[in-house]
Amino acid sequence: MPTALIILAAGQGTRMQSDRPKVLHEVAGAPLIAHAMAAGAALAPERTVIVAGHGADAVRAAVLDIDPDVAVVVQQEQLGTAHAVAQTRAVLDGFTGDAIVLYGDTPFIRPETLEAMAEARARHAVVVLGFEPADPGRYGRLVMAGDALDTIVEFKDATPEEQAIGLCNSGVIAADCALLFELIDAVGNDNAAGEYYLTDIVGLARARGLSAGIVVCDEAETLGVNSRADLARAEAAFQARARAEALENGVTLVAPETVFFAHDTVIGRDALIEPNVIFGAGVTVESGAHIRAFSHLEGAHVSRGAVVGPFARLRPGAELSEDVRVGNFVEVKNALVAEGAKINHLSYIGDATVGAEANIGAGTVTCNYDGVFKHHTEIGARAFIGSDTMLVAPVRIGEGAMTASGSVITSNVPDGALALGRARQDNKPGLAAKLFERLRAEKARRKGN
Ligand code: UD1
Ligand code: CA
C-alpha cells in the first residue's frame, strides 16, 4: 500500500523556553524531527509532508536538508491537530493510499510498530497507536468496545469514568488518505479546548459504520519532548538503548554509561571503546579498532586495527586506514591517513594525505589555512616528519623524506630528501654566564632602592 507520511510540527513548544523551534532541538546529534522522519521511513512513504508553524522557515530549511523530497506546508494558526492535518490536503491531492500521522516531537516510534499499524489497516479503517503509561496524566483516552476502538476522548473532555482508563492515545493515526480528509471535514471544535481534534475522526468513522482498531506499543516509544527535562530524558533513553545495542553487537564498552553515541554511529564487533568517548554524527568504527579514553569523534572513519586516543579529536573527513595510530592531543580533520601511519602526540593534521607507515613527530602542524583559503598537505609513504615541523600548505613531502625538528617547510621536499628549515645553531661560549651575572646584579640594585 503506498503511504503518505504526515508529520505535525507546528506547535510552539512554549515549555522549551527557546528561540529555536522545538522539533529542531537535538537528540543524539539529530533534530527531533529527523528522528520522526527516520521512524516514518520504515514505511517507505511515497510522500512526506511536514506541517510547520512556529519557526516554519527554520523547520523547512532543516527538513529539506535531511530530505530534499519532503513537502513542507505552513499552518499559520495552530487550531488543533485535525486542522494541522487539513493543511496537507492540497499537497496530497490525488494521492491514493494510506496516510499516517506522526508528531515531530516524538522521536522514538519503532519501525516495527509502524509496520504493525500498516498491517492492522487490513482489518480497520482507522488504526490508532495506543500505550499504557505508568502515569496516564492528561493524555487522550482510548475508549474500547471489546477489541475495537470506539472513540478517543481528550482528557479535558473526559468523564471521571473515562479519565480512569489507562489506555492512552500516542497521537499516531493511520487511515486511507481520502477517508482521512473526508473525516477531518466533519471535525468541529465544540470541545473544552476549542480545537479541531484529529482524535475525533475515530468517533466519526464509527458513526459511519467503519471500524477502528489499535496497536499498542511501549511507553518508551511514545516519549514526547515538551521541555528541556524531556529532552534530557529522551537523550538518556537514546543513549541507554544505543549502549545496550553496542554491547549486544559485540562491542566492548569499558564504562558504557560514559560513552555517548550519535543517531548514526556504527561500530564493528570486537571494537574496544574506553571510558568517556563521544561520538558525533557520521562516525564508523570498524571491527577490532580501539578508541581510547576521552576521545571525540565526528564524521570520521576508523579502520580495523587502528588505535585512537587517549584525548584525540577526529573531525569530519578524518579517514584512518588499518593499523593507524592517532595519539594524545592530536586533531585530524579532512585527512586520509594511510595504513600504519603514526601521529602519536600533539599534532594538527588537516586537509592532508598521510602516506602509509609515515611517522609524524610531536607538535607537527599542517598550516592549512591562509586566512581565506584552505590548502592541502601531502606526506609521502614512510616519510619522517621531525617534531615541531610546520608544514605550510600547499606543500608535498616526498616518499621516505625527512624534515628536521623545528622546521618550517614552505616548499616541496623531494622523495628521500632531508629538509632543514630552521636557523643554524650558533653557540656563544660563556655568554649565558655573563648574562646571568648582569641580570642578577640589576635585581640586587632594584631591591636596594
Ligand atoms: C494530542 C492528542 C492526545 C494524545 C497526545 C499524545 C489530539 C486532539 N490530542 O494531545 O489524544 O494523547 O497528543 O501526546 O490530537 N500540532 C500542530 N498544530 C496544531 C496542534 C498541534 O502541528 O494546531 C502538533 C504539535 O506541534 C505536536 C502535536 O501536533 O507535535 C500534538 O499536539 P499537542 O498540542 O501536543 O497535542 P496534545 O494536546 O498533547
Ligand atoms: Ca503534547
Side-chain angles (χ1 to χ4, degrees), residues 5-16 18 20-25 31-33 35-37 39-40 49-56 59-60 63 72-88 100-109 126 128-133 135-143 149 151-158 162-163 165-175 180 183-184 187-204 212 214 216-217 219-227 230-231 234:
L5 179 65
I6 298 172
I7 303 181
L8 305 189
Q12 176 159 29
T14 318
R15 285 163 57 205
M16 293 299 286
S18 178
R20 207 197 300 193
K22 176 165 74 173
V23 294
L24 298 189
H25 283 268
L32 290 170
I33 195 153
H35 290 270
M37 289 164 73
V49 192
I50 314 279
V51 182
H54 286 277
V59 171
R60 179 186 290 107
V63 299
V72 179
V73 298
V74 178
Q75 183 192 24
Q76 295 295 355
E77 256 187 305
Q78 281 71 58
L79 303 180
T81 44
H83 180 257
V85 174
Q87 309 310 306
T88 69
I100 184 150
V101 180
L102 301 183
Y103 293 168
D105 60 4
T106 305
F108 299 141
I109 308 281
V126 179
V128 171
L129 181 62
F131 67 115
E132 289 173 287
D135 170 17
R138 303 183 62 78
Y139 287 114
R141 301 300 206 264
L142 302 184
V143 182
L149 175 61
T151 178
I152 307 179
V153 262
E154 287 307 296
F155 182 82
K156 283 184 186 168
D157 303 293
E162 288 166 340
Q163 288 182 358
I165 294 172
L167 187 58
C168 294
N169 173 32
S170 69
V172 182
I173 292 189
L180 176 69
L183 295 172
I184 281 175
V187 170
N189 66 349
D190 181 16
N191 52 50
E195 282 183 15
Y196 296 89
Y197 292 160
L198 180 61
T199 46
D200 281 356
I201 68 167
V202 171
L204 291 165
I214 63 168
V216 177
C217 73
E219 182 175 10
E221 288 185 54
T222 66
L223 174 72
V225 172
N226 295 306
S227 63
D230 289 344
L231 190 67

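Read the numbers this way: they start at 1 and go in the same order the structure lists the ligands and their atoms.
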**Study point:** Atom indices of ligand 1 within 4.0 angstrom of A84 heavy atoms, with elements
**Key:** 17 (C), 18 (N), 22 (O)
Review point. For atom 20 (C) of ligand 1, which candidate among A52, P133, G80, A86 provides the closest heavy atom?
Key: G80
Study note, to complete from the structure: Filtering T81, L129, I152 for the heavy atom nearest atom 16 (N) of ligand 1 leaves T81
Check your understanding: Which is closest to atom 30 (O) of ligand 1 by heavy-atom distance: T222, D105, N226?
Key -> D105
Review point. Can you check whether V51 has an N/O within less than 3.5 Å of an N/O in ligand 1?
Key: no
Revision key, fill the gap. Heavy atoms of D200 and G188 approach each other most closely as OD2-O, 4.2 Å
Exercise for review: Taking atom types as modelled, find out whether Q78 and H54 have a side-chain donor-acceptor pair closer than 3.5 angstrom.
Suggested key: yes
Point to revise | Within-cut-off N or O pair, A10 and ligand 1, under 3.5 Å | key: yes
Review point. What atoms of ligand 1 come within less than 4.0 Å of a heavy atom belonging to A9?
Key: 22 (O)
Check your understanding: Q78 heavy atoms, cut-off 4.0 Å: which ligand 1 atoms fall inside?
Key -> 18 (N), 19 (C), 23 (O)
Check your understanding: Can an N or O of E77 be found at a distance shorter than 3.5 Å from an N or O of ligand 1?
Key -> no
Point to revise | Any Y197 side-chain heavy atom under 4.5 Å of I152 side chain | key: no
Practice item. Check whether any side-chain heavy atom of E132 sits under 4.5 Å from a side-chain heavy atom of L167, and report yes or no. Key: yes
Study note, to complete from the structure: Of Y103, Y197, Y196, the one whose closest heavy atom lies nearest atom 1 (C) of ligand 1 is Y103
Practice item. Answer whether the closest heavy-atom distance between the side chains of T81 and V101 falls below 4.5 Å. Key: no
Check your understanding: Heavy atoms, side chains only, cut-off 4.5 Å: are H83 and V187 in contact?
Key -> no
Point to revise | Backbone or side-chain N or O of G140 under 3.5 Å from ligand 1 N or O | key: yes
Review point. Can you name the closest pair of heavy atoms from L5 and L102 and give their distance?
Key: CD1-CD1, 3.7 Å
Point to revise | Test of proximity, N169 against ligand 1: N or O pairs below 3.5 Å | key: yes
Practice item. Find all atoms of ligand 1 within a distance of less than 4.0 Å from any non-hydrogen atom belonging to S170, and give their numbers and elements. Key: 6 (C)
Check your understanding: Does any non-hydrogen side-chain atom of R141 lie less than 4.5 Å from one of C168?
Key -> yes
Review point. Got M37 and I7 here, is their nearest side-chain heavy-atom distance under 4.5 Å?
Key: yes
